[in-house]
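Values below: all heavy atoms of this structure, side chains included; hydrogens, waters and symmetry mates excluded.
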Amino acid sequence: MDRWKGRVALVTGASVGIGAAVAKVLVRCGMTVVGCARNVDQIKV
């Protein structure tokens, strides 16, 4: 996944479920993630 390192991703539904899981994996791969969600309080940094 080195090809994703340093890139930016926009993840919708990032507070719970699949969106949250995808956002976490992308961060672990070195990407900068912008997370959007209806419930911003549930998004953990």
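Judged as a side chain to side chain contact (heavy atoms under 4.5 Å, CB included), and not counting sequence neighbours, Val40 has no contacts. Annotation: side chain to side chain contact (heavy atoms under 4.5 Å, CB included) contacts of Ala37 (sequence neighbours excluded): Ser15, Ile43. Listed by chain and residue number, Val34, Cys36 satisfy the side chain to side chain contact (heavy atoms under 4.5 Å, CB included) test with Leu10 (two or more places apart in sequence, or in another chain). Scored by the side chain to side chain contact (heavy atoms under 4.5 Å, CB included) test, Arg38 finds no partners at all (sequence neighbours excluded).
The two residues Ala9 and Leu26 have their closest heavy-atom pair at CB-CD1, 3.8 Å.
Under a hydrophobic-cluster definition in which Ile, Leu, Val, Met, Phe, Trp and Tyr are linked whenever side-chain heavy atoms come within less than 4.5 Å, directly or via other members, Val16 and Val22 are assigned to different clusters.
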